[in-house]
Amino acid sequence: MKLGFSDMEEAFRRECASWLDEQMAGEFADIRGIANLVDKPERRKAWERRLAEHRYSCIGWPIAWGGRDATLNEQVIFAEEYARAGAPNRLNHMGVELLGPTLLALGSSEQKARFLPAIAEGTAIWCQGYSEPGAGSDLAAIRTRARRDGDEWVIEGQKIWTSLAQFADMIFVLARTEDGTRGREGLSFLLVDLDQPGIEIRPIRQINGEAEFNEVFFDGARCPVENMVGAEGEGWTVSTTLLSFERGISTLGQQMQFRNELDAVIAAAKHNGKAADPVFRQRLAEAEIGLRLMRYGALRMLAGGKGGALAGAALTYKIQWASWRRALGELAMDVLGQEGEVAPADAEGWPLLANLYLYSRADTIYGGTNQIQRNLIAERGLGLPREPRGNA
Amino acid sequence: MAFALDEQQQMIAETAAAFFAENAGGERTRAAMASGIDRDLWRAYCRELGFGGLTVPEDLGGAGLGHVELAVVAEQAGRTLAAIPLLGHAMATAALLASDDRAAIDAHLPAMMAGDRSVAAGERGGEGLLVPHAAQCDLLLLLGEGGAHLIDASAATVEPLKSLDETRPLARVHASAGDPLPGGAAPCEAARAAGVLCLAAEALGGAQEALDRTVAFAKEREQFGRPVGSFQAYKHRLANRTVEIEQARSAVWWAACALDEGHETRALALHAAKSFCADTYLRVAGDMIQLHGGIGFTWEHDAHLFFKRARAIANMLGDGPHHRERVARIMLDDAA
Ligand SMILES: Cc1cc2nc3c(=O)[nH]c(=O)nc-3n(C[C@H](O)[C@H](O)[C@H](O)COP(=O)(O)OP(=O)(O)OC[C@H]3O[C@@H](n4cnc5c(N)ncnc54)[C@H](O)[C@@H]3O)c2cc1C
């Protein structure tokens with residue numbers, strides 16, 4: 001068991017760091033440090049393409065598909081340096097981290113050839129069409145329908161909470177392809193072009209005033225039959241494979257962002273004197289400890305590890321970071337007091353810590369709410385009886 | 001970097017788990033409560049298992065292993081509530097090695113490694129000094145401002161006390177300070193580090209066992225026509241404790257690795273591990289009683305043994321607020 005990295009890995013770290021710093025100090029200085037997902041989408045698309053030009057867009061992918069075949073440690077290092085350099089959240093997170101690995105694992109060779117290069121090159125931005133008004137935690141309750149029409153699937157229905165759909169080119173959709181089925185049966189996984197008449201996207205405003213997520217309406221939208229990943233009716237398996245990639249390396253980069261947020265809280269506490277208050281000192285220490293343990297928990301999760309260790313660390317990771325960040329948001333506001341509630345009258349959006357306070361309320365909802373996480377931990381991790389289900 | 005036990009560490013963990021499962025726990029622990037120590041178990045640990053010199057360099061006759069190995073072994077000891085003087089042993093071994101005092105090493109270490117001489121360790125606090133296992137051990141390691149003192153137990157006044165944790169009873173110790181071990185602050189620091197790590201790992205093991213037993217009960221016990229573990233309030237509580245235990249495991253591994261590698265986060269890791277693991281154990285052991293209902297409140301059930309051990313660990317070598325304040329000093333770079 002080891003904490004440190006090898007000399008070669010440290011050399012890779014310096015290489016990434018200097019390239020990233022150069023970009024963030026130079027041509028892309030205008031998008032440095034953007035913490036939300038919606039500002040300057042065009043510039044961020046340009047940034048996706050720049051990453052690709054230097055083979056930094058998907059370093060964990062195979063070389064043949066535009067990656068670097070990077071080792072786990074190299075991916076960890078890149079994620080950390082990316083965040084440390086203040087590079088913006090990846091607009092194509094869902095293409096690179098979710099759909100790409102899913103296609104690599106389950107896609108046909110034609111699908112790989114058609115869709116992977118555009119993700120690697122940063123020219124196709126993807127979004128995730130899972131949730132519906134009636135299917136949230138109970139994702140299998142999906143009602144969006146796809147019916148076969150010659151060489152095409154024709155889609156009717158509605159998705160909701162679809163992040164970044166307004167900037168995306170493509171959407172992966174979980175839809176019901178078999179009439180009369182319920183639950184996990186009869187679902188299929190489709191890759192759909194957003195730029196067509198049968199699709200309407202309406203942004204939804206969030207509690208922080210921004211609109212990151214959207215409603216996506218399908219009214220006769222079409223995709224060719226070869227855009228189905230996995231077999232007809234196997235969509236549930238594909239969708240859960242995809243979700244398993246959600247706990248990827250990017251979490252380590254995310255932690256660097258958390259570090260910046262905690263540092264901002266520390267700075268505020270020092271500035272207004274709360275850092276000398278024993279109660280606040282205890283809470284700040286708890287936050288620091290939580291962040292460090294998140295890092296080592298993620299490293300354990302990524303290292304695999306024998307026996308129950310991996311299952312435990314991986315299953316508990318989502319609720320761990322989400323709860324930590326929500327508590328940090330609360331600590332930030334407690335530290336700031338009333339000053340935390342205000343911004344200049346002409347401010348666009350909220351300063352870092354107010355935004356953290358608001359946005360972190362979503363962390364414990366998307367990607368499986370804390371309640372759902374606890375069910376998963378109890379049922380999959382501890383083997384306790386499953387939730388009783390209704391008959392609806 | 002691979003943040004997982006390597007093959008040898010995994011083997012040691014399994015060996016220790018099998019040893020303690022066979023020789024400690026349940027009845028054995030209860031039998032040891034009368035005298036406060038399980039001497040046969042300790043001898044078997046040192047000799048048959050050969051772990052008496054786990055962290056002692058090979059040229060001194062030990063196994064030459066590090067803190068990671070110590071942690072995985074202490075975790076298993078904690079799981080079975082083993083009534084052995086592992087804490088004092090680990091601390092005294094670390095202090096002696098750090099002192100580099102050949103005479104003291106030759107005088108004590110071989111007998112300690114063979115299980116013939118046991119050590120109780122404590123930290124000088126306010127007035128009287130409460131030391132776990134002081135009335136049961138041959139030597140006392142006393143840490144304080146003046147350094148680390150390793151003295152014969154017979155040279156001190158040791159007043160045995162009725163203790164909450166009867167598997168590791170406390171005694172009040174009065175001793176006049178003689179010469180400390182040489183090496184300046186090093187023996188004290190090394191002993192404290194080994195002790196804190198040991199306690200954190202023990203807390204992790206105890207918490208894991210308390211959780212596992214509660215989960216097993218939750219699947220068996222039925223009320224309202226279904227297993228109590230099917231009620232969401234019940235399973236969510238167990239899920240919360242699971243999340244904490246996983247973090248506690250990360251904390252122990254981080255601290256152990258940081259010590260072995262002399263990593264810059266060493267001090268932070270130890271303070272984090274001690275406070276986090278002890279808090280976790282307190283919560284899991286408390287929930288163990290609650291989630292068992294009436295049976296959990298009986299003397300006959302083991303829940304109270306975990307509950308009491310958790311309380312004792314929380315107070316030893318600095319409590320949660322103390323260690324968190326230390327974390328605060330490091331992160332805020334001040335000494336408020
Ligand atoms: C910022 C943000 C971005 C998102 N981005 C996307 C996206 O890009 N693509 C996408 O498909 N989806 C996205 N989502 C949707 C997200 O996955 C869902 O909101 C989430 O799964 C919860 O579903 P729901 O909103 O329907 O709430 P519901 O499932 O209706 O839950 C309501 C409440 O009931 C609780 N609850 C539900 N079931 C149980 C149970 N069995 N036991 C106990 N409590 C229960 C929940 O925990 C919650 O508190 C996003 C959500 C947010 C907030």
Side-chain angles (χ1 to χ4, degrees), chain A residues 1-6 9 72-73 76 262 266 269-270 275-278 280-290 292-300 302-307 309-310 312-313 315-317 319-320 323 371 373-379 381-388, chain B residues 1-7 9-10 13 68 211-212 215 218-219 226-227 229-232 234-240 242-251 253-254 256-258 260-261 263 265 268-269 271-273 275-276 320-321 323-334 336:
Chain A
M1 181 150 60
K2 255 182 79 60
L3 287 182
F5 291 93
S6 73
E9 288 163 346
L72 193 65
N73 283 356
V76 167
L262 175 54
I266 292 170
K270 283 188 164 176
D277 176 319
F280 277 99
R281 292 175 73 80
Q282 291 283 313
R283 290 179 67 192
L284 288 165
E286 270 172 31
E288 178 78 39
I289 292 169
R292 301 278 178 162
L293 298 187
M294 205 187 296
R295 174 179 164 81
Y296 294 106
L299 292 177
R300 278 177 58 214
L302 295 172
K306 304 198 174 76
L310 166 66
L315 264 176
T316 56
Y317 188 69
I319 192 170
Q320 184 186 337
S323 306
Q371 287 71 37
Q373 298 299 328
R374 291 190 187 100
N375 280 348
L376 291 174
I377 293 164
E379 292 169 13
L382 304 177
L384 290 168
R386 296 183 68 100
E387 289 286 288
Chain B
M1 185 193 61
F3 203 54
L5 296 180
D6 65 29
E7 235 164 81
Q9 290 161 344
Q10 187 65 30
V68 174
L211 179 86
D212 290 352
V215 168
K219 293 175 186 171
R226 45 195 266 218
S230 69
F231 297 113
Q232 203 175 66
Y234 196 114
K235 66 202 247 193
H236 280 194
R237 209 192 264 214
L238 289 174
N240 287 341
T242 303
V243 176
E244 288 157 8
I245 288 173
E246 287 305 327
Q247 288 172 272
R249 180 161 289 110
S250 301
W253 288 11
W254 168 34
C257 257
D260 283 342
E261 292 176 33
H263 198 256
T265 58
L268 193 64
H271 294 305
S275 55
F276 196 93
H323 285 286
R324 280 190 294 275
E325 170 56 27
R326 291 303 160 129
V327 169
R329 285 185 200 180
I330 295 172
M331 70 187 282
L332 298 169
D333 200 16
D334 67 9

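A note on names: the letters A, B, ... follow the listed sequences, proteins ahead of strands, and every chain is numbered from 1.
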Item checked: Closest contact, heavy atoms only, A:Leu293 versus B:Gln247 ->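 Closest approach of A:Leu293 to B:Gln247, heavy atoms only: CD1-O, 3.8 Å.
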Tell me if a side-chain donor or acceptor on [X] pairs with a main-chain N or O of [Y] at a distance below 3.5 Å.
{"X": "A:Glu288", "Y": "B:Met331", "result": "no"}
{"X": "B:Lys235", "Y": "A:Glu379", "result": "no"}
{"X": "A:Arg300", "Y": "B:Glu246", "result": "yes"}

Segment of [X] engaging chain A (4.5 angstrom heavy-atom cut-off):
{"X": "B:His263", "answer": "side chain"}
{"X": "B:Leu268", "answer": "side chain"}
{"X": "B:Val68", "answer": "side chain"}
{"X": "B:Pro321", "answer": "both"}
{"X": "B:Ala258", "answer": "both"}
{"X": "B:Ile245", "answer": "neither"}
{"X": "B:Arg237", "answer": "neither"}

Next item on the list: Answer with side chain, backbone, both or neither: which region of A:Arg283 has an atom nearer than 4.5 Å to a non-hydrogen atom of chain B?
Entry: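 Nothing of A:Arg283, per the 4.5 Å heavy-atom cut-off to chain B.
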Next item on the list: Take the angle between the ring planes of B:Phe3 and A:Tyr296 and call it parallel below 30°, perpendicular above 60°, tilted in between.
Entry: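 B:Phe3 and A:Tyr296: tilted rings.
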